[in-house]
Trainee: 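This is the structure I have questions about; it appears just below.
Values in this document were obtained by computation on a predicted structure and should not be read as measured data. Below, chain A is the first sequence line, B the second, and so on; all start at residue 1.
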Amino acid sequence: MPNSTITHAKPTPAPGQTRYLHEQITSWFADNARELPWRAPQCSPWGIMVSEFMLQQTPVVRVLPVWEQWMQRWPTPAALAAEPSGEALRAWGRLGYPRRALRLHAAAATIVDRHGGQVPDTREELLQLPGVGTYTAAAIASFAFERPETVVDTNIRRVHARAATGNALPAPSLTSAEMKLAAALMPGRETKAWNAAVMELGALVCTARSPKCGSCPVQEQCAWVAAGQPEPHYVPKGQAWAGTDRQVRGAMMAVLREAETPVLREVLLGTVDVVDHGTGHAVHLTKLRSLGASDEQLARSLDGLLADGLAETAGSGVRLPN
DNA sequence: AATTCGTGGAC
DNA sequence: TGTCCAAGAAT
């Protein structure tokens with residue numbers, strides 16, 4: 001047999017084993033779940049949908065305050081859809097990936113136009129909304145409508161990779177084998193609690209770095225622990241940041257969010273000084289210049305923001321969409 | 001299928 | 001201090 005250490009056949013878990021996992025993890029969840037506002041019984045489907053958008057690639061602690069303000073200002077999809085997308089971008093603040101705010105705004109408009117202002121309750125309909133992919137559609141259907149959908153996020157993938165497959169980390173991208181395994185592990189009932197519980201276990205105990213195996217409810221059943229916690233069999237790709245267009249775009253968006261009037265192109269391109277409203281002194285946009293960005297990169301980044309609808313031209317300046 | 005797209009806390 | 005990485009989606 002060749003050195004095929006990669007697992008081909010993922011054994012279907014025995015019924016008795018999955019029952020044990022279900023009991024242990026859901027019991028742990030009942031005692032250890034964080035009290036998050038979007039988990040409150042009275043939280044609307046819209047509130048859950050907003051949380052799912054904000055939580056994409058963003059930690060809970062940073063989402064909490066923004067979500068609270070958002071829901072107070074826009075308690076329904078119709079309320080958000082009634083305002084310019086630029087308002088959504090401002091309220092998004094520094095959550096990151098501002099195109100999510102744009103997509104959430106567009107999704108709200110679609111909900112008003114095609115769903116009578118109510119968040120649709122099926123995975124298929126949710127998938128049609130901008131910014132809603134496989135994970136988010138399943139999550140909203142499960143958490144807001146208690147539909148028996150298989151939710152697979154980065155936390156759940158990691159728990160499954162370790163506990164069931166015996167790997168330190170899940171594959172670089174979601175595989176069909178992972179989806180199959182996740183579906184096989186789904187209980188026959190209480191699917192919402194199960195989805196939330198595995199996710200929470202991954203977020204609080206079975207973390208990417210220094211997992212707290214000592215307080216894990218299924219440590220005795222964990223294939224990764226049983227194998228002696230082997231190292232990952234691949235090196236995760238780092239996320240480049242310094243010097244990237246993303247960094248420049250982020251700096252430009254920060255300027256646009258703060259501006260009350262259109263910002264001159266020359267200012268965003270770092271070729272002129274701006275006057276600080278507080279001191280009255282000329283302040284160079286060091287945020288953009290100190291990045292070491294070339295003229296070409298600055299121009300490309302601004303064009304990207306305009307093309308993506310994150311900004312728009314207004315006279316000789318640029319502003320958030322109005 | 002591999003890239004692109006923000007931000008900031010933790011270690 | 002620099003690296004890692006977080007409830008992904010779209011192309």
Trainee: Counting any heavy atom closer than 4.0 Å, what does Arg62(A) reach on the DNA or RNA strands: base, sugar-phosphate only, or nothing?
Mentor: base

Trainee: List the steps, then state whether side-chain contact (heavy atoms from CB on, under 4.5 Å) holds for Asp308(A) with Arg249(A).
Mentor: CA-CA 11 Å; Asp308(A) 290 346; Arg249(A) 289 164 56 112; 2.8 Å; yes

Trainee: Is there a donor-acceptor pair closer than 3.5 Å between any side-chain N or O of Glu200(A) and the backbone N or O of Arg34(A)?
Mentor: yes

Trainee: Using atom C1' of each nucleotide, how far apart are dT1(C) and dG8(B) to the nearest Å?
Mentor: 15 Å

Trainee: Considering only heavy atoms from C-beta outward, does the side chain of Met186(A) approach that of Thr18(A) to under 4.5 Å?
Mentor: no

Trainee: If you look only at pairs with a residue in residues 42-98 of chain A, which of them pass as a ring pair (Phe, Tyr, Trp, His ring centres under 6.0 Å), with sequence neighbours excluded?
Mentor: Trp38(A)-Trp67(A), Trp70(A)-Trp74(A), Trp70(A)-Trp92(A)

Trainee: Are the side chain of Thr58(A) and the backbone N or O of Leu55(A) linked by a donor-acceptor pair below 3.5 Å?
Mentor: no

Trainee: Which part of the nucleic acid, if any, lies within contact of Thr244(A), taking any heavy atom under 4.0 Å across all strands shown: a base, the sugar-phosphate backbone alone, or nothing?
Mentor: nothing

Trainee: For the pair Asn167(A) (side chain) and Leu169(A) (backbone), establish whether a donor and an acceptor sit closer than 3.5 Å, ignoring hydrogens and angles.
Mentor: no

Trainee: Where along residues 145-157 of chain A does a heavy atom come under 4.0 Å from DNA chain C, residue by residue in number order?
Mentor: Asp153(A), Thr154(A), Asn155(A)

Trainee: Give Ser210(A) one of three labels, base, sugar-phosphate or nothing, depending on what nucleic acid heavy atoms sit under 4.0 Å from its own.
Mentor: nothing

Trainee: What does Leu95(A) touch in the nucleic acid at a heavy-atom separation under 4.0 angstrom: a base, only the sugar-phosphate, or nothing?
Mentor: base

Trainee: Would you confirm whether His105(A), through its side chain, and Glu83(A), through its main-chain N or O, come within 3.5 Å as a donor-acceptor pair?
Mentor: yes

Trainee: With sugar-phosphate meaning primed atoms plus P, OP1 and OP2, does Leu36(A) contact a base, only sugar-phosphate, or nothing at under 4.0 Å between heavy atoms?
Mentor: base

Trainee: Between Pro98(A) and Arg209(A), just flag the one whose closest nucleotide in DNA chain B comes earlier from the 5' side.
Mentor: Pro98(A)

Trainee: Does Arg157(A) use its side chain to pair, donor to acceptor, with the backbone of Ser173(A) at less than 3.5 Å?
Mentor: yes

Trainee: What's Arg300(A) touching, base or sugar-phosphate or nothing? Going by heavy atoms closer than 4.0 Å.
Mentor: nothing

Trainee: So which of residues 122-131 of chain A are in contact with DNA chain C, with a heavy-atom cut-off of under 4.0 Å?
Mentor: Pro130(A), Gly131(A)

Trainee: Under a 3.5 Å distance rule, please check whether Arg90(A) uses its side chain to pair with a backbone N or O of Arg257(A) as donor and acceptor.
Mentor: yes

Trainee: Quick one: label Gly96(A) by what it contacts on the DNA or RNA (base, sugar-phosphate, nothing), any heavy atom closer than 4.0 Å.
Mentor: base

Trainee: Under 4.0 Å, counting only non-hydrogen atoms across every strand here, what does Trp38(A) touch: a base, just sugar-phosphate, or nothing?
Mentor: base

Trainee: Could you tell me how far dA6(C) sits from dC5(B) if I compare only their C1' atoms? Round to whole Å.
Mentor: 14 Å

Trainee: Between which nucleotides of DNA chain C, read 5' to 3', does contact with chain A run, using atoms under 4.0 Å from its heavy atoms?
Mentor: dC4(C) to dA10(C)

Trainee: Does this structure show an ion pair linking Arg73(A) with Glu87(A), if we count only N-O contacts that are shorter than 4.0 Å?
Mentor: yes

Trainee: When we call it a touch if two heavy atoms are under 4.0 Å apart, what does Arg99(A) touch: a base, just sugar-phosphate, or nothing?
Mentor: sugar-phosphate

Trainee: Which residue lies toward the 5' end of DNA chain C, Gly133(A) or Pro59(A), if each is placed at its nearest nucleotide?
Mentor: Pro59(A)

Trainee: Are any of the side-chain heavy atoms of Leu268(A) and Leu256(A) separated by less than 4.5 Å?
Mentor: yes

Trainee: Do Thr175(A) and Met179(A) have side chains that get closer than 4.5 Å, going by heavy atoms?
Mentor: no

Trainee: Could you pick out which residue, Gln247(A) or Lys237(A), lies toward the 5' side of DNA chain B when each is mapped onto its nearest nucleotide?
Mentor: Lys237(A)

Trainee: Given the C1' atoms of dA1(B) and dG8(C), what is the spacing between them in whole Å?
Mentor: 16 Å

Trainee: Distance-only, no hydrogens or angles: does the Lys192(A) side chain make a donor-acceptor pair with backbone N or O of Glu146(A) under 3.5 Å?
Mentor: no

Trainee: Val63(A) near the nucleic acid: base, sugar-phosphate alone, or nothing, with a heavy-atom cut-off under 4.0 Å?
Mentor: nothing

Trainee: Determine whether the side chains of Tyr135(A) and Gln56(A) contain a donor N or O and an acceptor N or O closer than 3.5 Å.
Mentor: no

Trainee: Students often get this wrong, so: under 4.0 angstrom with heavy atoms, is Ala208(A) touching a base, only sugar-phosphate, or nothing?
Mentor: sugar-phosphate

Trainee: Give me the distance, rounded to whole Å, that separates dC4(C) from dG6(B) when you measure between the C1' atoms they each carry.
Mentor: 15 Å

Trainee: Looking at DNA chain C, which of residues 50-57 of chain A put a heavy atom within less than 4.0 Å of it?
Mentor: Glu52(A), Leu55(A), Gln56(A), Gln57(A)

Trainee: Has the side chain of Thr26(A) got a donor or acceptor atom that lies under 3.5 Å from a matching backbone atom of His22(A)?
Mentor: yes

Trainee: How would you give the extent of chain A contacts on DNA chain B, as first and last nucleotide 5' to 3' within a 4.0 Å heavy-atom cut-off?
Mentor: dT3(B) to dG9(B)

Trainee: Check whether any side-chain N or O of Glu312(A) sits under 3.5 Å from a backbone N or O of Asn322(A) as a donor-acceptor pair, and report yes or no.
Mentor: yes

Trainee: For a 4.5 angstrom cut-off between non-hydrogen side-chain atoms, does Pro130(A) reach Thr110(A)?
Mentor: yes

Trainee: Using atom P of each nucleotide, how far apart are dA7(C) and dC11(B) to the nearest Å?
Mentor: 15 Å

Trainee: Give a yes or no on this: more than 12 heavy atoms of other residues, nucleotides or ligands lie within 6.0 Å of atom CD of Gln229(A).
Mentor: yes

